[in-house]
Amino acid sequence: MASITKNVNPLANPKGIKNSCELCQKPAFVQCNKCKITYYCSHEHQRIDWIGIHEGICSYVAELKTTGLPFLGSEDERQKRNAERVEKQKDLILLTRTTGQKFLFEKRFGEAIPAALQSLKYSIEVYGTSSIELVISYLILAEASIGLDKLDQAEQYLSQAEWTVLKTEGVGNDYKAKLYTNMGLL
């Protein structure tokens, strides 16, 4: 795995650009050598993320980086490129959610967290910070945190999910049932 990472000198970044760890948001000094997009604070966090989800999405992440090129001729071309990018992000959301749920089912809670964090990240990019689409990611994070006996963290994720459910009109009972089931696990 050492061959897929590269140490990053923080002084090599453009002024004002700070890379943060994909898992904990602390300053990052390790970069994925394949996609050149994902950063980590340590090799340990890189290993956890690689096992959890990054190995499966690394090529997709690199492809997303190249789909957002701003040097397109017409407005129609830019809109088309943006629509393609959003579709790829939606595919990543589905992949990361499914992977996180699979890890939960297999009781591999530590590996479910990186997948759910990626799902949450792309859901926020596509749907915004107050969308019902975030709830599933929060629930996966909460259940994984409960499995790891990190109850305070689980409570925070469940609170986020509950707030989103309560403020969104017309939420189906399926979301509420999943939310209250997870709250019962606390």
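Residue numbers count from 1 along this sequence.
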How long is the straight-line distance from OH of Tyr157 back to OG of Ser137, given to the nearest 0.5 Å? 10.5 Å
Closest heavy-atom pair and its distance - Cys32, Cys58: SG-SG, 3.7 Å
Are Tyr138 and Leu158 connected into the same hydrophobic cluster when the rule is that any two of I, L, V, M, F, W, Y join if their side-chain heavy atoms are below 4.5 Å apart? yes
Within this structure, what is the CG-CG distance for the pair Asp174 and Leu179, rounded to the nearest 0.5 Å? 11.5 Å
Is there a side-chain contact between Val135 and Val171, using heavy atoms and a 4.5 Å cut-off? no
Please report the interatomic distance NZ(Lys26) to SG(Cys21), rounded to the nearest 0.5 Å. 8.5 Å
Specify the closest pair of heavy atoms between Ile113 and Ser145, including all atoms of both residues, with the distance to one decimal. CD1-OG, 4.0 Å
Derivation and outcome, side chain to side chain contact (heavy atoms under 4.5 Å, CB included), residues Ile136 and Gln101: CA-CA 10 Å; Ile136 295 171; Gln101 289 168 332; 3.9 Å; yes
Heavy atoms of Leu94 and Thr98 approach each other most closely as O-OG1, 2.7 Å
Least distance between heavy atoms, Thr168 atom then Ser130 atom: OG1-O, 4.2 Å
Do Arg78 and Glu75 meet the salt-bridge criterion of a basic N to acidic O distance under 4.0 Å? yes
Under 3.5 Å: donor-acceptor pair, side chain of Lys167, backbone of Thr164: no
Could you walk me through whether Val165 and Glu162 pass the side chain to side chain contact (heavy atoms under 4.5 Å, CB included) test, one step at a time? CA-CA 5 Å; Val165 166; Glu162 183 179 33; 5.7 Å; no
Would you say the side-chain atoms of Ser119 pair up with the backbone N or O of Ala115, donor to acceptor, closer than 3.5 Å? no
Name of the residue among His45, Glu44, His43 meeting side-chain hydrogen bond (donor to acceptor under 3.5 Å, both in side chains) with Arg47: Glu44
Of the non-hydrogen atoms in Val30 and Ser42, which two are nearest, and what is the gap between them? CG2-C, 4.1 Å
As a quick check of understanding, evaluate side chain to side chain contact (heavy atoms under 4.5 Å, CB included) for Lys90 and Tyr127, giving each step before the final call. CA-CA 10 Å; Lys90 287 180 180 179; Tyr127 301 108; 3.7 Å; yes
Taking atom NZ of Lys121 as the centre, report whether more than 12 heavy atoms of other residues, nucleotides or ligands fall under 6.0 Å from it. yes
Which salt bridge (Lys or Arg N to Asp or Glu O under 4.0 Å) pairs, counting each pair once, include a residue from residues 123-133, with sequence neighbours left out? Arg97-Glu133
Could you check if a side-chain atom of Arg85 sits within less than 4.5 angstrom of a side-chain atom of Gln89, using non-hydrogen atoms only? yes
What's the shortest heavy-atom distance between Thr99 and Gly52, and which atoms? CG2-O, 3.8 Å
Would you please name every residue forming a side chain to side chain donor-acceptor pair (under 3.5 Å) with Glu169, sequence neighbours left out? none
Approximate separation, where rounding is to 0.5 Å, of Ile37 CD1 and Asn19 CG: 11.5 Å
Does Glu22 reach the main-chain N or O of Tyr40 with its side chain, forming a donor-acceptor pair under 3.5 Å? no
Check against side chain to side chain contact (heavy atoms under 4.5 Å, CB included), Glu77 and Lys80: CA-CA 5 Å; Glu77 288 175 338; Lys80 181 181 176 198; 5.7 Å; no
Connected via hydrophobic side-chain network under 4.5 Å: Leu95 and Phe103: no
Leu104 side, atom CG; Leu141 side, atom CG - distance, nearest 0.5 Å: 9.0 Å
How far does CD1 of Ile140 sit from CZ of Phe109, to the nearest 0.5 angstrom? 12.5 Å
With sequence neighbours excluded, what pairs up with Asp76 under the side chain to side chain contact (heavy atoms under 4.5 Å, CB included) test? Ser74, Gln79
